[in-house]
Amino acid sequence: MSGSNVLLEARDVPPRVAFALEQAGVHPLLARLFAARGVRTPDDLDDGLGRLLPPAALHGTQAAAVLLADTLARGGRICIVADYDCDGATACAVALRGLAMLGAQPGTLRYVVPDRALHGYGLTPTIVDLAMQQQPDLLVTVDNGIASLEGVAHARALGLQVLVTDHHLPAVVGNTVVLPEADVIVNPNQPCCGFESKSLAGVGVMFYVLLALRAELRARGVFDAATQPKLDALLDLVALGTVADVVKLDANNRRLVAQGLKRIRAGRMQPGVAALFSAAGRHASRASAFDFGFALGPRINAAGRLADMTLGIECLTTDDSARAIELAGQLDAINRERRTVESGMRDQAEALLDRLMPDGEPPPALALFDDEFHEGVVGIVAGRLKDRLHRPTFVFARGQDGLLKGSGRSIPGFHLRDALDLVSKRHPGVLRKFGGHAMAAGCTLDEDGFTTFAEALQQVAREWLDADTLQRRLRTDGALPVEYFNAETVQVLDGQVWGQAFEAPTFCDEVDVIAQRLVGEKHLKLRLRLGGQLRDAIWFGRVEPLPARARLAYRICLDEYQGQQRVQMMVEASV
């Protein structure tokens with residue numbers, strides 16, 4: 001992202017709240033940052049497990065616990081139906097490990113995961129047939145199933161019980177929300193659920209089901225408080241999946257992530273998680289949410305994009321450290337291949353954009369398709385283009401069935417799934433299927449419907465978006481006081497849980513540009529004067545030079561070189 005045409009907006013810091021947090025012992029800089037992100041009392045910062053929302057508040061957990069407990073008691077076979085992203089893989093691993101801890105007999109737990117290219121998303125009838133090869137008594141979906149009306153009906157017709165655990169939005173037929181006819185549904189986003197945290201990831205939902213199951217087994221006398229399994233051993237996986245799925249880090253999710261990070265930093269994690277840290281060249285002892293989102297998560301996701309997510313799930317479920325290292329190495333190699341494929345697709349997309357933007361101004365929404373695009377990477381490329389142009393963007397590739405499979409990413413103010421719903425109503429039959437969230441969605445269409453879809457999406461964008469919404473904004477935390485420009489501050493900041501809707505700090509200052517040069521042909525290396533001091537900075541993906549004086553938005557990090565650590569500014573934007 002070049003950062004041009006960005007409006008920098010300073011976050012509002014309620015002074016009394018910041019003062020109260022500081023008086024309660026919070027680091028002065030953190031007190032300001034937390035107050036600007038909605039933290040109101042020191043209790044909001046308590047990340048203890050006792051502060052988690054209770055499982056009973058999540059609708060369906062008690063019924064799910066009874067269903068699972070009954071199945072375990074009779075030695076029934078359970079098949080987990082996973083998804084092919086990091087949230088789905090970690091949710092599958094949490095289900096398999098958790099159910100084994102809670103008494104599933106050896107040989108009764110299996111899983112299936114769709115192949116992105118062959119099966120598509122969710123519990124389709126085809127996936128049910130695949131699961132039937134395991135001869136299960138109960139199907140448990142993780143991170144999918146809420147919109148799988150046909151698949152659930154097919155499973156029930158075959159005599160299977162079905163437990164749906166999901167966090168996506170349910171299907172809408174006409175103007176009516178329709179739920180699958182599963183035995184039990186656990187999803188904070190189903191209409192009847194009053195759970196306070198609607199932002200639980202799929203892995204978080206499954207973790208809550210396990211907490212409810214453990215309570216049910218206690219009530220049945222299988223365990224007591226002293227003998228019950230410690231499910232917090234799964235929190236490294238819960239934290240990884242939560243951050244990698246880019247769900248909102250509300251207070252409950254921040255507690256789940258914080259607890260997972262504490263365990264990892266203390267060396268308590270699954271062998272596969274440790275192996276992924278090693279493969280990514282990251283230090284588990286200094287683990288951060290950034291590592292989940294930008295190092296471990298992409299390596300797990302790469303398996304589902306270019307190969308088989310079985311690799312990712314096996315890495316997260318093996319107890320053999322040597323096997324975990326081998327699998328993490330394979331995932332790392334696939335991720336390098338993914339980066340190469342993505343880079344080529346971005347170049348192709350740029351060429352398409354030149355034709356779509358002859359005057360340099362993008363339309364209010366974008367839809368791109370090229371015969372050489374890879375289905376596994378369309379979502380990433382859509383996200384990159386959305387970031388660069390600040391426009392809702394869909395990127396399509398041809399699937400093995402000849403249909404176009406699209407993945408979209410959006411901007412604030414444009415609910416992507418609702419936009420697809422409107423397109424489908426205005427142009428019946430153009431969309432074979434669609435689903436998703438406000439900020440990310442997917443759809444399938446015939447190639448001869450692509451132009452109609454692209455024009456219809458642009459029409460919705462013209463109606464919903466105005467010049468103010470189409471202006472890219474970057475919220476900043478104001479100037480960084482000179483006394484905090486040091487390695488200790490970086491370590492304090494890195495020790496916190498930042499993420500979606502609780503963004504990592506971005507500071508903003510006027511600087512003098514002393515020197516600038518390109519490194520690696522596409523990054524701007526800078527020497528700046530700030531507050532009377534010379535500072536090192538880098539702007540990744542920027543090639544245009546800066547003026548002699550500029551106002552920069554930046555983050556701070558530690559740059560390690562030849563054993564030395566220096567504080568470096570990572571520039572995000574300039575005005």
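Counting from 1, the numbers follow the sequence of the chain as shown.
Inspection of the Asn189 and His167 side chains reveals no N or O donor paired with an N or O acceptor under 3.5 Å. Side chain to side chain, Glu455 and Gln459 fail the donor-acceptor criterion of an N or O pair below 3.5 Å. Side chains of Ser288 and Asp494: no donor on one and acceptor on the other come within 3.5 Å. Counting only N and O atoms by type, the side chains of Arg255 and Asn252 include no donor and acceptor under 3.5 Å apart.
The backbone N or O of Gly541 lies less than 3.5 Å from a partner atom in the side chain of His523, making a donor-acceptor pair. Checking side-chain atoms of Arg551 against main-chain N and O of Cys508 turns up no donor-acceptor pair under 3.5 Å. The backbone N or O of Glu372 sits less than 3.5 Å from a side-chain atom of Asp370, completing a donor-acceptor pair. Panel note: side chain Asn253, backbone Lys248; a donor-acceptor pair is recorded below 3.5 Å. In this structure a side-chain-to-backbone donor-acceptor pair under 3.5 Å is present from Gln259 to Asp47. Judged by distance alone, with hydrogens and angles left aside, the side-chain atoms of Asn301 form a donor-acceptor pair with the main-chain N or O of Cys86 at under 3.5 Å. In this structure, Thr165 contributes its side chain and Thr141 its backbone to a donor-acceptor pair below 3.5 Å. Judged by distance alone, the side chain of Asp87 and the main-chain N or O of Gly202 form a donor-acceptor pair under 3.5 Å. Judged by distance alone, with hydrogens and angles left aside, the side-chain atoms of Arg40 form no donor-acceptor pair with the main-chain N or O of Val17 at under 3.5 Å. Between the side chain of Tyr208 and the backbone N or O of Ala57, no donor-acceptor pair lies under 3.5 Å.
For the atom pair Leu261 CG and Asp236 CG, the distance stands at 10.0 Å (nearest 0.5 Å). To the nearest 0.5 Å, atoms CZ (Phe453) and CD (Gln458) are separated by 10.5 Å. Here the CE-CG distance, from Met309 to Asp85, works out to 6.5 Å after rounding to the nearest 0.5 Å. Atoms CG and CG, from Leu552 and Leu8 in turn, are 9.0 Å apart once rounded to the nearest 0.5 Å. Within the model, atoms CD of Glu503 and CZ of Arg475 stand 7.5 Å from one another, a figure rounded to the nearest 0.5 Å. Taking CG of Leu237 as the start and CG of Leu240 as the end, the distance is 7.0 Å to the nearest 0.5 Å.
At a threshold of 4.5 Å between non-hydrogen side-chain atoms, the residues Lys405 and Tyr121 do not count as touching. With a 4.5 Å cut-off on side-chain heavy atoms, Phe540 and Met570 count as touching. Under the 4.5 Å side-chain criterion, counting only non-hydrogen atoms from C-beta, Leu33 is in contact with Leu493. Arg409 is not listed as a side-chain neighbour of Thr393, based on a closest heavy-atom distance of 4.5 Å or more. Residues Thr90 and Asp143 fail the side-chain proximity criterion, which asks for heavy atoms closer than 4.5 Å. Residues Thr340 and Ser343 form no side-chain contact, since every pair of their non-hydrogen atoms from C-beta on lies 4.5 Å or further apart. Side-chain atoms of Leu368 and Leu353, non-hydrogen and from C-beta on, do get closer than 4.5 Å to each other. For the pair Asp115/Tyr84, no side-chain contact is recorded, criterion being any heavy-atom separation below 4.5 Å from C-beta on.
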For this session: Evaluate salt bridge (Lys or Arg N to Asp or Glu O under 4.0 Å) for Asp468 paired with Arg473, printing each intermediate quantity in order.
Result: CA-CA 10 Å; Asp468 189 57; Arg473 287 170 164 76; 2.5 Å; yes
Practice item. Start with the C-alpha distance between Arg346 and Glu342, add both sets of side-chain angles, then the distance that settles salt bridge (Lys or Arg N to Asp or Glu O under 4.0 Å), and finish with yes or no. Key: CA-CA 6 Å; Arg346 286 168 67 182; Glu342 179 198 338; 3.5 Å; yes
* Under the side-chain contact (heavy atoms from CB on, under 4.5 Å) criterion, do Leu179 and Val164 qualify, and how do the steps go? -> CA-CA 10 Å; Leu179 298 177; Val164 168; over 6 Å; no
For this session: For Thr124 and Ser148, run side-chain contact (heavy atoms from CB on, under 4.5 Å): C-alpha distance rounded to whole Å, both residues' side-chain angles, the deciding distance at 0.1 Å, then the answer.
Result: CA-CA 6 Å; Thr124 60; Ser148 301; over 6 Å; no
Pair Arg305-Glu337, salt bridge (Lys or Arg N to Asp or Glu O under 4.0 Å): steps then yes or no: CA-CA 10 Å; Arg305 295 185 186 282; Glu337 180 189 353; over 6 Å; no
Apply the test side-chain contact (heavy atoms from CB on, under 4.5 Å) to residues Leu422 and Trp464: give CA-CA distance (whole Å), side-chain angles for both, the deciding distance (0.1 Å), then the verdict.
-> CA-CA 12 Å; Leu422 185 53; Trp464 290 4; 3.8 Å; yes
| said: The test is salt bridge (Lys or Arg N to Asp or Glu O under 4.0 Å); show your working for Asp446 and Arg432 and say whether it passes. | reply: CA-CA 8 Å; Asp446 293 298; Arg432 290 287 196 97; 3.1 Å; yes
**Report entry** Residue pair Ile411, Leu470: steps toward the side-chain contact (heavy atoms from CB on, under 4.5 Å) verdict
**Finding:** CA-CA 8 Å; Ile411 61 175; Leu470 291 171; 4.2 Å; yes
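The minimum heavy-atom distance linking Pro114 with Gly122 is given by the pair CG-O, 4.2 Å. When every heavy atom of Ala367 is checked against every heavy atom of Phe450, the shortest pair comes out as O-CZ, 3.4 Å. When all heavy atoms of Ala289 and Val243 are compared, the pair lying nearest together is O-CG1, 3.4 Å. When all heavy atoms of Ile80 and Cys92 are compared, the pair lying nearest together is CG2-SG, 4.0 Å. Nearest heavy-atom pair, Gly449 versus Val430, reported as atom, atom and distance to 0.1 Å: O-CG1, 3.9 Å. Ala419 approaches Val460 most closely through the heavy-atom pair CB-CG1, 4.1 Å.
Residues that satisfy the salt bridge (Lys or Arg N to Asp or Glu O under 4.0 Å) test with Asp291, not counting sequence neighbours, are Arg282. By the side-chain hydrogen bond (donor to acceptor under 3.5 Å, both in side chains) test, Lys198 is found to be paired with no residue, residues two or more places apart in sequence or in another chain being considered.
We find that Arg37 and Asp477 are joined by a salt bridge, their nearest charged nitrogen and carboxylate oxygen being less than 4.0 Å apart.
Environment of CD in Glu150: sparse, with no more than 12 heavy atoms of neighbouring residues, nucleotides or ligands closer than 6.0 Å. The neighbour count for Glu463 CD, taken as heavy atoms of other residues, nucleotides or ligands under 6.0 Å away, is above 12. Heavy-atom neighbours of Gln471 CD from other residues, nucleotides or ligands within 6.0 Å: above the threshold of 12. The environment of Asp371 atom CG is dense: over 12 non-hydrogen atoms of other residues, nucleotides or ligands sit within 6.0 angstrom.
Applying side-chain contact (heavy atoms from CB on, under 4.5 Å) to Phe369 and the options Val378, Leu404, Thr451, Leu445 leaves one that passes, Leu404.
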